[in-house]
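First up is the structure itself, then whatever we jot down about it.
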2 protein chains.
Amino acid sequence: MLGEPVRDRRAERHAATRAEILEAAWEQVRANGLAALSLRDLARTIGMQPSSLYSYFDSKNAIYDAMYAQGAQQFVDEQKASMRTPDDPLEALKAVLRFFVNFCAADSARYQLLFQRTIPGFEPSPASFKISEDNLAELGELLARCGVSDPPMLDLFTALGTGLTDQQMSNDPGGDRWVRLIDEAVEMFYQHITNKARKPGKGRRPRS
Amino acid sequence: MLGEPVRDRRAERHAATRAEILEAAWEQVRANGLAALSLRDLARTIGMQPSSLYSYFDSKNAIYDAMYAQGAQQFVDEQKASMRTPDDPLEALKAVLRFFVNFCAADSARYQLLFQRTIPGFEPSPASFKISEDNLAELGELLARCGVSDPPMLDLFTALGTGLTDQQMSNDPGGDRWVRLIDEAVEMFYQHITNKARKPGKGRRPRS
DNA sequence: CTACAATCCGAATGATGTTAGGAGAACCGG
DNA sequence: CCGGTTCTCCTAACATCATTCGGATTGTAG
């Protein structure tokens, strides 16, 4: 049989260890915050010496990059799995955004890694960023089918991802619509806190 | 004259140097990101040795804390200066939120320091946090005048500050109102990007 | 002038990410 | 089975970071 290429056990083990490292990294990051990723702690939980990690990743930022790629891939996969895109492009966009909100709420560390840039030296490699980019290109087609050219798609995500804080919105002609949006949000939240019965003992302390 | 207490030049100089350090810290943080605050670089721009900074601040986190206090104070001052609170509490809340959005958009590093928690070891001291707390207590009176008891005020800021990602919103009875809110945001932004003429050469590259 | 406290420096400590060099095992072709 | 290559891991070291300590200098108060 000339098919059946020889399996490289080494490569398998390599990939397995890489996955193990990343899993531990996610755990650490979810527990202590995105910025609190220590190679030494990481190596300890794996059972290696810190320097041995460099057999699998070129640097700490390379680990962040691999995590970014994982997160971006999860974004693409989960989106395609959960969404059947409606024919109406506008409706499809709404569905994407609802997914986006839920995705970000599910894992704040992952959200921070993907959509905020809080780690000083890090930015995703072109290869990793391409995952997000390709996905956005697809969404761009949605807009293209509506006759929109050069759609600043990412602004849309930024707008809802950063909580309507984008300066662009304020400068927007017709920006008073944003004000009305905020007003409605307030009314909504006002009703929310008025009606809600707080579960005793579960009163978490919000951030600010 | 028994009034006229003796001026302490040392204390003046101390306060002046403290302010100088904080100013340099803000500069550094605005330029390179909140997490990229280096005591060595800080000392160098001031013209001191790194260890000398400890005459003015107990630790790096103490510097963060002082910056937090400054930011919180700015929040209170600017809010009171820019807002005349309407009589209707709900209208007042709307005004506060509009201010909040603008305040966050003005300085992303400050926003990150005040309302996100991205620095692993840091949380504001009780004294610094009290500045925010007192301000929120005042806003709480607004709600109290509407008959709302134990208002989770901060959730409101969190909700818009983090981009509608708060899990609580999804769990909210009547949470479909949030979905409709997102829908309206999309429609709004859709029109925004459809009509907008992009200024050539100023095409900034959004984050993800 | 003397005493005291504040300020700064230089050196040292422990932690971090990272690199270099070597020991041992796993794999491969003979 | 053997010899060479490659991979994996380790120990050791380095640079940088925040931080601490002890001493020298300085400025102020009594």
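Letters A, B, ... are given to chains in the order of the sequence lines, protein chains preceding strands, and every chain is numbered from 1.
- Minimum interatomic distance between A:Ile119 and A:Ala35 (heavy atoms only, all atoms of both residues): CD1-CA, 3.7 Å.
- Atom CD1 of B:Ile21 is separated from atom P of D:dA18 by 14 Å (rounded to the nearest Å).
- Taking every side-chain heavy atom of B:Tyr54 into account, D:dT20 is the closest of D:dC17, C:dT18, D:dT20.
- For A:Arg13, taking side-chain heavy atoms from C-beta onward, the closest of the listed nucleotides C:dT18, D:dC9, D:dA18 is D:dC9.
- Nearest heavy-atom pair across A:Tyr68 and A:Ser132 is OH-OG, 3.3 Å.
- By the 6.0 Å contact criterion, CD on A:Glu23 is open, its count of non-hydrogen atoms from other residues, nucleotides or ligands being 12 or less.
- B:Asp77 and B:Gln73 form a side-chain donor-acceptor contact under 3.5 Å, judged by distance and modelled atom types alone.
- Taking atom CZ on B:Arg44 and atom C1' on D:dC17, their separation rounds to 12 Å, with Å as the unit.
- Residue A:Ser51 places a side-chain atom within donor-acceptor reach of the base of D:dT11, judged by atom type and a 3.5 Å distance cut-off alone.
- Within the nucleic acid shown, B:Phe57 has no heavy atom closer than 4.0 Å to any nucleic acid atom.
- Between the C1' atom of C:dT18 and the NZ atom of A:Lys60 lies a distance of 12 Å, rounded to the nearest Å.
- Neither OP1 nor OP2 of C:dA6 sits under 4.0 Å from any side-chain N or O of B:His14.
- If you check every strand for non-hydrogen atoms under 4.0 Å, B:Leu37 touches sugar and phosphate atoms only.
- Among C:dG17, D:dT19, D:dC10, the nucleotide with an atom closest to any side-chain atom of A:Ser52 is D:dC10.
- Picking from D:dT8, D:dC10, D:dT19 the nucleotide with the shortest atom distance to the side chain of A:Ser55 gives D:dT8.
- If B:Asn61 and A:Pro50 are placed on DNA chain D by their nearest nucleotide, the residue sitting closer to the 5' end is A:Pro50.
- Summarising the geometry, the separation between OH on B:Tyr64 and P on D:dC17 is reported as 13 Å, rounded to the nearest angstrom.
- Atom CG of A:Leu42 is separated from atom C1' of C:dG17 by 12 Å (rounded to the nearest Å).
- Donor-acceptor pairing under 3.5 Å, judged by distance alone, is present between the side chain of B:Arg40 and the base of D:dA18.
- As rounded to whole Å, 10 Å separates atom P of D:dT19 from atom CG of B:Asp58.
- Side-chain contact check for B:Phe122 versus B:Leu113: some heavy-atom pair is nearer than 4.5 Å.
- When the side-chain nitrogen and oxygen atoms of A:Tyr56 are compared with OP1 and OP2 of D:dC9, one or more of them lie within a distance under 4.0 Å.
- Residue B:Gln49 places its side chain closer to C:dC9 than to any other of C:dT16, C:dC9, C:dT19.
- Distance, A:Gln28 CD to C:dT16 C1': 13 Å, rounded to whole Å.
- Within the 3.5 Å criterion, the main-chain N or O of B:Leu34 finds a donor-acceptor partner in the side chain of B:Tyr64.
- Within 4.0 Å (heavy atoms only), B:Ser38 reaches sugar-phosphate atoms of the nucleic acid but no base atom.
- As rounded to whole Å, 11 Å separates atom P of D:dT8 from atom CZ of A:Arg18.
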